[in-house]
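Naming: A, B, ... by sequence-line order, numbering from 1 per chain.
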Protein chains: 2
Amino acid sequence: MANGIGKILTHLRDGGPTSRADLARATGLSSAGVTKICATLSDAKLLHEAAGKEPALGRPATEVSIRADGGYVLSIHLSPAQARVAVCNLDSKVLADDALSYDPSTPVATIVDKAADLARQVIASSAIPYGSLLGLGVGVPGSVDEDGRVNTHSVLAGWRDVPFAQMFEAALGLPTVIAHNASAIAMAEARYGAWKASESLLYILLGKGIGAGFVKTGAHERTSIVEIGHVVVNPGGPHCRCGGHGCLERYFSEDPLRGCIGQTDVPHEALISAAMDTSDWPQIYEYFLQALSTTVTLLGPEMIVLGGDLNTAPDAFVEALRADLPARVMPQQRTKLAIERTSLPAPVGVHGAACVALERFFFAHGPATLSRPSKAATRA
Amino acid sequence: MANGIGKILTHLRDGGPTSRADLARATGLSSAGVTKICATLSDAKLLHEAAGKEPALGRPATEVSIRADGGYVLSIHLSPAQARVAVCNLDSKVLADDALSYDPSTPVATIVDKAADLARQVIASSAIPYGSLLGLGVGVPGSVDEDGRVNTHSVLAGWRDVPFAQMFEAALGLPTVIAHNASAIAMAEARYGAWKASESLLYILLGKGIGAGFVKTGAHERTSIVEIGHVVVNPGGPHCRCGGHGCLERYFSEDPLRGCIGQTDVPHEALISAAMDTSDWPQIYEYFLQALSTTVTLLGPEMIVLGGDLNTAPDAFVEALRADLPARVMPQQRTKLAIERTSLPAPVGVHGAACVALERFFFAHGPATLSRPSKAATRA
DNA sequence: CTACTTTATTTACTTAGTAAGTAAAGTTAA
DNA sequence: TTAACTTTACTTACTAAGTAAATAAAGTAG
């Protein structure tokens with residue numbers, strides 16, 4: 001959050017309609033600054049104005065709020081075998097979306113081309129003019145460099161140092177930022193989810209693998225990718241694709257869970273439920289608890305959100321976790337630790353990617369058209 | 001790193017003497033901006049100027065560098081039973097220091113008073129005028145709030161929500177920032193140590209307890225406290241002061257190590273060496289390896305630095321770690337992972353605290369006297 | 001001695017704000 | 001009714017911190 005525009009937009013996102021006077025108090029800006037910035041934002045059709053509640057005393061306030069249709073972002077959620085594209089508004093609400101599947105061995109260049117084609121279709125179907133798209137957010141199933149340009153490593157998909165941002169910018173002509181999928185969804189939960197008051201949040205995504213994203217909000221906000229799937233829970237255990245032995249992912253992800261159930265066609269919504277009936281479950285659950293409690297000890301999240309196949313786990317699973325986890329973490333963490341299911345509407349993946357794009361291309365400094373209107377104008 | 005002054009000072013700290021032209025290229029500032037800022041810094045006696053190496057072509061550059069005696073910070077390292085005070089220059093070099101011991105049950109107010117008294121003595125002995133002290137950095141053995149004002153929880157010392165920053169500001173009249181000890185030392189290693197090229201670093205501090213600090217450098221720099229001592233390595237194990245069972249600290253910290261050696265008077269420099277000869281060692285070492293590999297998996301440091309009693313461990317210990325750890329972390333981490341001893345000169349604790357103070361009161365935005373000369377002047 | 005290259009400075013300007021005063025829009029009470 | 005008061009919002013004049021572009025400085029190469 002760098003400039004005044006960003007401070008005001010961020011406050012309006014998190015705090016809802018606010019009077020200019022309250023904005024000044026909340027952001028630390030002068031009232032003059034707030035007036036100016038709001039005028040700029042109003043000129044750009046980014047704000048609504050409405051009467052606030054009548055005050056006991058003094059001039060009544062007019063509250064400003066962000067116009068949800070003041071701009072849009074495109075978002076793409078990439079999995080090893082599927083891409084989902086969406087157009088979202090400034091509330092991170094999905095206005096149009098569609099998905100395509102591909103073989104996991106498809107070259108990334110082809111995946112980008114196909115996803116870009118689908119994106120053009122989705123944009124057309126949404127009837128949003130191309131010019132009001134602020135940018136593109138891409139979620140990838142692996143680690144990303146500091147600037148959000150390159151997917152450095154996706155263990156599951158087998159990708160390495162793929163410059164997705166550059167590739168999508170070339171294909172679609174939109175400024176692009178990429179992010180780790182689980183971290184992006186964690187950010188969306190922290191921003192738009194039911195527990196947005198939390199100071200920090202760990203989002204666990206169970207699917208083909210098991211990954212997690214950690215978000216800390218506040219002044220020093222940050223997100224990080226958490227390789228919980230490759231925490232070693234059984235040092236002498238079976239070999240894992242990551243190169244280690246006895247990683248959690250070898251026990252607690254879709255394939256091994258289906259393996260222990262003994263059926264390959266269990267729908268993933270029923271996976272945990274079915275696994276809980278097997279004799280292997282106590283051991284598997286213990287491994288999960290072990291990796292999770294260590295993660296909590298080291299990162300100290302206030303809130304754990306269960307996503308992917310964990311979101312559809314039976315209540316008994318969530319209850320068990322709530323009963324067992326607190327005893328295995330430090331007391332200062334125990335008092336606050338909440339465990340909940342995803343609170344965002346499906347599809348969650350594009351929601352996360354959209355959230356990252358909104359942050360970068362809207363909330364951090366305001367839309368680029370506002371920040372630098374003169375540079376282009378001066379040149380002309 | 002917010003403003004131009006901060007960018008230039010930070011670059012000079014990390015990159016040594018640099019010409020104004022190179023500073024402009026490195027920081028992204030305009031050459032005019034660099035000239036102005038360097039003039040301001042020169043006026044404040046903060047810079048040295050010296051001829052650069054003769055160029056093949058063009059006007060020869062004059063290189064500027066930070067004058068180590070352009071300002072000083074006070075630093076205090078607080079342990080449960082000891083306080084060490086130092087005065088350091090802008091290179092984070094200790095110019096004068098002294099320590100005092102106290103009973104662990106001493107009230108914090110008394111500890112602050114005693115430490116402040118000692119600080120006045122150390123300042124006097126250093127012959128540094130009080131007015132050239134930029135601020136105070138305090139290292140504490142526990143977690144700290146986001147602003148570096150309150151020690152929220154020190155398990156070992158039994159402190160809770162102690163507002164050390166406020167207390168020391170009242171006692172000494174210097175702007176104060178507090179930080180977690182191991183994290184502060186990690187930061188010092190990342191800044192001034194032999195491995196300052198590392199992108200991220202985990203500093204492990206073995207003493208009465210075992211704690212760690214993690215630093216990530218670069219654009220999104222951050223430090224965090226890592227409670228490696230309370231990673232559960234033996235779920236059914238003995239009760240720990242943190243409230244859990246079978247924490248690493250119950251096996252791998254000074255008291256339990258002395259316990260397994262069977263002598264209470266082993267000097268801490270010889271602790272690991274002696275412990276390695278006992279029959280319990282393979283199990284203890286395995287526990288340590290387990291907690292450490294999980295920490296590496298979750299945080300992904302490029303570099304592990306061994307501090308405290310690990311710094312004086314025999315070579316055989318370090319070699320064993322180098323041999324055993326890589327196989328137990330993910331391949332993308334394995335290729336880079338380096339394991340080394342502390343590279344900073346003793347006393348390391350005050351060095352860390354000084355580093356945090358220097359960051360806050362000098363490198364981030366330049367000294368406060370430069371940033372806001374007019375506000376006070378205008379008022380007068 | 002002139003052309004060239006690179007470093008450093010100066011001048012004029014821009015951006016993003018602040019401080020302080022003023023106007024606006026209501027309530028309360030004599 | 002009208003003056004006093006409270007709070008919001010806006011206007012004006014100013015400042016801090018930088019940029020762009022032109023210029024000066026200090027050397028080398030031919």
From CG of B:L41 across to P of C:dT9 the rounded distance in Å is 13 Å
Take atom CG of B:L29 and atom C1' of C:dT9, then tell me their distance rounded to the nearest Å. 16 Å
Which of the following nucleotides, D:dT19, D:dA13, C:dA19, is nearest to the side chain of B:S30? D:dT19
Would you check if the side chain of B:T217 reaches a backbone N or O of B:E199 as a donor-acceptor pair within less than 3.5 Å? yes
For D:dT8 and A:R25 - does any side-chain N or O of the residue sit under 4.0 Å from the phosphate oxygens OP1/OP2? yes
Contact nearer the 5' end of DNA chain C, comparing A:V34 with B:D22: B:D22
Considering only heavy side-chain atoms of A:S31, the closest of C:dT18, D:dT19, D:dC10 is D:dC10
Using only heavy-atom distances, determine whether the side chains of A:S143 and A:H180 contain a donor-acceptor pair under 3.5 Å. no
Could you walk me through whether A:F214 and A:S183 satisfy the side-chain contact (heavy atoms from CB on, under 4.5 Å) test, starting with their C-alpha distance in whole Å, then the side-chain angles of each, then the deciding distance to 0.1 Å, before giving a yes or no? CA-CA 6 Å; A:F214 177 73; A:S183 303; over 6 Å; no
Give every pair of a protein N or O atom and an N or O atom of nucleotides 25-29 of chain C that lie under 3.5 Å apart, one pair per line with the distance.
{"from": "C:dA25", "atom 1": "N3", "to": "A:R59", "atom 2": "N", "distance (Å)": "3.4"}

Give one of base, sugar-phosphate or nothing for B:G33, where a contact means two heavy atoms less than 4.0 Å apart. base
What nucleic acid atoms does B:A21 come within less than 4.0 Å of, heavy atoms only: base, sugar-phosphate, or nothing? sugar-phosphate
Can you tell me how far C1' of C:dT18 sits from CG of A:N3, to the nearest Å? 16 Å
A:I5 CD1 to C:dA16 P: how many Å, rounded? 7 Å
If I take atom NE2 in residue B:H365 and atom P in nucleotide D:dG18, what distance separates them, rounded to the nearest angstrom? 12 Å
Step-by-step side-chain contact (heavy atoms from CB on, under 4.5 Å) determination, B:L358 to B:Y192: CA-CA 12 Å; B:L358 284 170; B:Y192 301 98; 3.7 Å; yes
Quick one: does any side-chain atom of B:T176 pair with a main-chain N or O of B:L174 as donor and acceptor, under 3.5 Å? yes
B:L74 side chain reached by B:L172 side chain, heavy atoms, under 4.5 Å: yes
Does A:R13 qualify as a cation-pi partner of A:F363, given the criterion of NZ or CZ under 6.0 Å from the six-membered ring centre and within 45 degrees of its axis? yes
Hey, mind stepping through B:E359 and B:R191 against side-chain contact (heavy atoms from CB on, under 4.5 Å) and telling me if it holds? CA-CA 10 Å; B:E359 180 66 25; B:R191 288 274 148 79; 2.7 Å; yes
Any idea which of D:dG18, C:dA20, D:dA13 is nearest the B:I37 side chain? D:dG18
For DNA chain C, what residues of residues 12-20 of chain B have any heavy atom nearer than 4.0 Å? B:S19, B:R20
Output the rounded distance in Å from NZ (A:K36) to P (C:dT15). 12 Å
Evaluate B:T18 against B:E63 for side-chain contact (heavy atoms from CB on, under 4.5 Å), listing each step before the verdict. CA-CA 5 Å; B:T18 313; B:E63 294 184 331; 5.9 Å; no
Among the nucleotides D:dA20, C:dG17, D:dT8, whichever has the atom closest to the side chain of A:A61 is D:dT8
Of the non-hydrogen atoms in A:A184 and A:A353, which two are nearest, and what is the gap between them? CB-N, 4.1 Å
Roughly how many Å is it from CG in A:L23 to P in C:dT18, rounded to a whole number? 13 Å
Take atom CD1 of A:I8 and atom P of D:dA9, then tell me their distance rounded to the nearest Å. 12 Å
